[in-house]
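Data first, discussion second: the structure below is written as structure tokens.
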Amino acid sequence: MRYELVIFDNDGVLVDSEPISNTLLAGYLTELGHPTSYEDSLRDYMGAAMHRVHDLIAERTGKRLPADFDDVFHGRVFDAFEQELKPVPGVVDVLEKLTADGVAYCVASSGSHERIRVGHRTTGLDRWFEEGRIFSSQDVGRGKPAPDLFLHAAERMGVAPEKCLVIEDSPLGVQAAVAAGMDVYGFTAMTPAERLGAATQLFADMRELPALLASCGSAD
């Protein structure tokens with residue numbers, strides 16, 4: 001395989017959290033007087049750090065969300081994760097294959113470190129992601145679509161950006177990977193393919209990924 005590092009987004013790529021979190025986000029914003037549908041939430045906030053929610057609401061309404069918004073929202077999300085969260089089908093096989101082939105991998109997520117860890121503990125993915133493989137938008141100044149998070153992950157993992165492959169399911173994440181000078185495979189299980197059109201390649205089922213990686217050739 002010509003990539004030396006595979007960087008996974010977390011929500012929607014490793015853990016099947018997007019339906020849960022976007023349902024709760026839409027409901028909470030609506031509850032606070034900012035009518036938001038599930039589809040609105042996916043369109044506007046999927047793949048983004050929490051500051052985007054605050055920024056868009058302020059921009060559109062001139063009002064600020066409550067100071068405890070993030071804490072209340074994450075409390076609701078973590079409670080739901082405990083009951084409902086599952087790993088994305090096929091992702092364990094992908095991680096097993098990368099490990100067997102000796103290919104480095106990590107996660108770089110817009111979510112907080114706490115959110116990543118809660119999701120991984122709940123789904124059993126924590127066995128695949130020790131401390132040194134977990135990177136969050138909390139670690140950098142700007143979240144996706146800025147390239148900072150992916151560049152930070154690559155630097156910490158000791159791999160040049162051009163040798164990295166990003167697995168993403170959000171337009172913001174694809175933009176960030178392209179801006180970082182990395183190839184990116186767009187995962188279209190939940191996102192319409194046309195919204196990930198800037199990706200190097202598209203795929204709809206995580207179980208397709210090992211074959212795609214195997215077919216991408218040897219390092220130059």
Side-chain angles (χ1 to χ4, degrees), residues 1 3-21 46-50 70 74 77-140 143-144 147-161 163-170 172-174 176-177 180 182-187 189-190 203 205-210 212-214:
M1 193 178 78
Y3 301 111
E4 297 177 5
L5 175 65
V6 179
I7 304 175
F8 292 93
D9 177 43
N10 189 56
D11 293 292
V13 171
L14 295 176
V15 295
D16 193 15
S17 54
E18 294 291 9
I20 298 171
S21 59
M46 183 174 169
M50 285 301 294
D70 290 12
H74 284 128
V77 167
F78 296 162
D79 286 346
F81 279 4
E82 295 289 346
Q83 303 298 319
E84 305 173 48
L85 192 63
K86 306 291 183 187
V88 167
V91 78
V92 170
D93 292 338
V94 173
L95 297 172
E96 287 178 344
K97 177 64 173 169
L98 291 173
T99 300
D101 291 346
V103 178
Y105 64 87
C106 65
V107 57
S109 172
S110 292
S112 66
H113 278 282
E114 183 182 14
R115 177 179 172 130
I116 297 167
R117 285 168 173 77
V118 168
H120 287 190
R121 284 197 304 270
T122 302
T123 58
L125 292 182
D126 53 341
R127 63 175 290 220
W128 300 99
F129 290 93
E130 66 271 18
E131 184 70 27
R133 294 182 191 264
I134 298 174
F135 305 100
S136 161
S137 62
Q138 290 179 312
D139 303 330
V140 295
K144 306 170 189 178
D148 304 37
L149 176 57
F150 289 140
L151 292 173
H152 171 70
E155 180 181 13
R156 291 290 300 273
M157 296 292 291
V159 178
K163 294 296 184 181
C164 297
L165 172 67
V166 175
I167 311 299
E168 263 288 355
D169 70 333
S170 77
L172 294 175
V174 169
M182 301 176 180
D183 282 358
V184 52
Y185 286 6
F187 183 42
M190 279 194 59
F203 68 108
D205 189 320
M206 193 59 66
R207 287 163 288 214
E208 301 172 38
L209 187 55
L212 291 175
L213 293 176

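In this chain, numbering begins with 1 at the start of the sequence shown. Everything quoted here is computed from the prediction, not taken from an experiment.
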*asked:* I'd like to check T123 versus F81 (side-chain heavy atoms, cut-off strictly below 4.5 Å). Are they in contact?
replied: no

**Message:** Assess whether a salt bridge exists between R133 and E130, defined as any Lys/Arg side-chain N lying under 4.0 Å from an Asp/Glu carboxylate O.
**Reply:** yes

So, the side chain of S109 versus the backbone of S136: is there a donor-acceptor pair under 3.5 Å, distance only? no

Output for pair (M182 CE, L151 CG), nearest 0.5 Å, gives 5.0 Å

Heavy atoms of V91 and V13 approach each other most closely as CG2-O, 3.8 Å

Decide yes or no for W128 and E96: does some side-chain heavy atom of the first lie under 4.5 Å from some side-chain heavy atom of the second?
yes

Residues A48 and L172: closest non-hydrogen pair is CB-CD1, 3.5 Å

Do any N or O atoms from the side chain of S110 and from the backbone of S137 form a donor-acceptor pair under 3.5 angstrom?
no

message: Test side-chain contact (heavy atoms from CB on, under 4.5 Å) on Y3 and V159; report intermediate values, then the result.
response: CA-CA 9 Å; Y3 301 111; V159 178; over 6 Å; no

Here the gap from S112 atom OG to R117 atom CZ, rounded to the nearest 0.5 Å, amounts to 9.0 Å

Would you say the side chain of D11 lies within less than 4.5 Å of the side chain of M46, judging by non-hydrogen atoms?
no

Residues M206 and G90: closest non-hydrogen pair is CG-C, 4.0 Å

What one should report as the nearest heavy-atom pair of I116 and G111 is CD1-O, 3.9 Å

Between the NE2 atom in H120 and the CG atom in L14, the distance rounded to the nearest 0.5 Å is 5.0 Å

If you count heavy atoms of other groups shown closer than 6.0 angstrom to CD of E208, is the number above 12?
yes

| field | Close side-chain approach of V77 and V118, heavy atoms under 4.5 Å | value | no

The side chain to side chain contact (heavy atoms under 4.5 Å, CB included) partner of F187 among L209, D9, V88 is V88

Within the side chain of H74, is there an N or O that forms a donor-acceptor pair under 3.5 Å with the backbone of D70? yes

Distance col, row L5:CG vs M157:CE, nearest 0.5 angstrom, shows 5.0 Å

Check your understanding: Hey, does Q138 have a side-chain heavy atom less than 4.5 Å from the side chain of M50?
Key -> no

Practice problem: Indicate yes or no: at least one non-hydrogen side-chain atom of T122 is less than 4.5 angstrom from one of V15. | Solution: no

d(D169 CG, N10 CG) to nearest 0.5 Å is 10.0 Å

Requested in this report: Answer yes if the side chains of S21 and R115 hold a donor-acceptor pair under 3.5 Å, and no otherwise.
Outcome: yes

So CD1 of I167 and CG of D183: to nearest 0.5 Å the spacing works out to 10.0 Å

Heavy-atom nearest pair, L165 first then L213, reads CD2-CD2, 3.3 Å

Validation row: V166, V174 side chains within 4.5 angstrom (heavy atoms):
no

Practice problem: State, with a plain yes or no, whether a side-chain heavy atom of F135 is found less than 4.5 Å away from one of F150. | Solution: no

Heavy atoms of V94 and P210 approach each other most closely as CG2-CD, 3.8 Å

